[in-house]
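For the numbers below, each heavy atom of this structure counts, side chains included, while hydrogens, waters and symmetry mates do not. Residue numbers start from 1 in every chain, and the chains themselves are labelled A, B, ... in the order their sequence lines are given, proteins ahead of strands.
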There are 2 protein chains.
Amino acid sequence: MRYSHQREAIKKTIQETNCHPTADWIYKETIKIIPNISLGTVYRNLKCLEESGDIKTIYDGNIARYDWNTEPHNHLKCKHCGDLIDIVLSDESIHPQIKQDFKFDVDLVEMTIIGTCQKHT
Amino acid sequence: MRYSHQREAIKKTIQETNCHPTADWIYKETIKIIPNISLGTVYRNLKCLEESGDIKTIYDGNIARYDWNTEPHNHLKCKHCGDLIDIVLSDESIHPQIKQDFKFDVDLVEMTIIGTCQKHT
DNA sequence: TTTATAAATAGTAATAATTCCTATTATTAT
DNA sequence: ATAATAATAGGAATTATTACTATTTATAAA
């Protein structure tokens, strides 16, 4: 994969936010740096960055969000404000049970815990 | 909510399959029973049925699927064939920990376990 | 340091999933 | 049976995403 100014800007945009941005948000931020960048370039590079392991894609309902945190982790999702909060719950104890009960080899566990965050209590 | 012939057919279609169908699949099945049903009606009623608790919506990547199984459960997703398999893993032991560590009240845990099903081993 | 190459881009068109709109139809309370 | 109004069909609109293509740009070789 060849260097591109655009890809670096997209990567930097994601890595400098602590939210879990959508493609459109990333586009609107990156266009401030590269005024003629196109949305297609954003999508193409998000796919590249995912494949190279620089970012992770998370599906929030039916919209894709992107996460610079590539360490295994899960999310708390507040049903009131929609905020996603990173958490680490590295309990791999269920893997052997699933292998035994369902003859299913586990790669990863995608977990979203839905509830109410502290802003709404 | 008033009775409708269409809603009953949609509900029946979902409850009679053991796959996790998309709105489009449900539309294509239901149109066999009600030849002039419209896709908008399918979407509207899927929302109604979700609200009344008759079905559950599950997000598979960025496409919505619908599930007649409204009991708390999770899914195994095969990365090869995309099949979704229902599993019950009712371990609520993490709830108090999350409450304590993040001041977050847990309603439900949406978990998708990704890996390889027995058809591909 | 030019030049050739092919990968990446901008801009736009196309697609897919879903929602919205409105005149008509059908359910249900009276 | 009739009136009121919720639900529908059919199609247009919207949103997220992908595909297409002429042009630009990174990079390797001369």
Practice prompt. Using atom types as modelled and distance alone, determine if a side-chain donor or acceptor of A:R65 lies under 3.5 Å from a backbone N or O of A:H20.
Written response: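 The answer is yes, because a donor-acceptor pair under 3.5 Å joins these two groups.
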Worksheet item: Short question: side chain of A:R7, backbone of A:R2 - any donor-acceptor pair under 3.5 Å?
Response: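 Yes; at least one donor-acceptor contact below 3.5 Å.
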Worksheet item: Does a donor on one side chain sit under 3.5 Å from an acceptor on the other, for A:H73 and A:D67?
Response: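 Their side chains do contain a donor-acceptor pair, which is all the 3.5 Å distance test asks for.
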Worksheet item: How close or far is atom P of D:dT18 from atom OH of A:Y27, stated in whole angstroms?
Response: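 In whole Å, D:dT18 P lies 16 Å from A:Y27 OH.
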Worksheet entry | Protein-nucleotide distance (A:I10, atom CD1; C:dA8, atom C1'), rounded to Å |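 It works out to 11 Å between those atoms.
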Worksheet item: How do B:A64 and B:H5 order along DNA chain C: which one's closest nucleotide is nearer the 5' end?
Response: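 Taking each residue's closest nucleotide, the earlier one in sequence belongs to B:A64.
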Discussion item. Nearest heavy atom decides the nucleotide; on that basis, is A:G40 or B:Y66 closer to the 5' end of DNA chain C?
Written reply: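 Taking each residue's closest nucleotide, the earlier one in sequence belongs to A:G40.
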In terms of side-chain heavy atoms of [X], which of [options] is nearest?
X: A:N62; options: D:dT18, C:dT18, D:dA7; value: C:dT18
X: B:M1; options: C:dT18, D:dT25, D:dA7; value: D:dA7
X: A:N36; options: D:dA9, C:dG11, C:dT28; value: C:dG11
X: B:A23; options: D:dT17, D:dA9, C:dT18; value: C:dT18
X: A:T41; options: C:dA17, C:dA10, D:dT18; value: C:dA10
X: B:R2; options: C:dA10, C:dA26, C:dA6; value: C:dA26
X: B:I63; options: D:dA16, C:dA8, C:dA17; value: C:dA17
X: B:S4; options: D:dA16, C:dT18, D:dA7; value: D:dA7
X: B:S38; options: C:dT18, D:dG10, C:dT27; value: D:dG10

Item to complete: Select from B:P35 and A:Y59 the residue whose nearest nucleotide in DNA chain D is closer to the 5' end of that strand.
Response: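 It is B:P35 whose nearest nucleotide is closer to the 5' end.
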Which part of the nucleic acid, if any, lies within reach of [X] when heavy atoms closer than 4.0 Å are counted: base, sugar-phosphate only, or nothing?
X: A:Y43; value: base
X: B:D24; value: nothing
X: B:L39; value: base

Worksheet item: Does the distance from a Lys or Arg side-chain N to an Asp or Glu carboxylate O, for B:K77 and B:D60, drop under 4.0 Å?
Response: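 Yes, charged N to carboxylate O under 4.0 Å.
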Worksheet entry | A:N62 and B:I63, any side-chain heavy atoms less than 4.5 Å apart |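 Not in contact.
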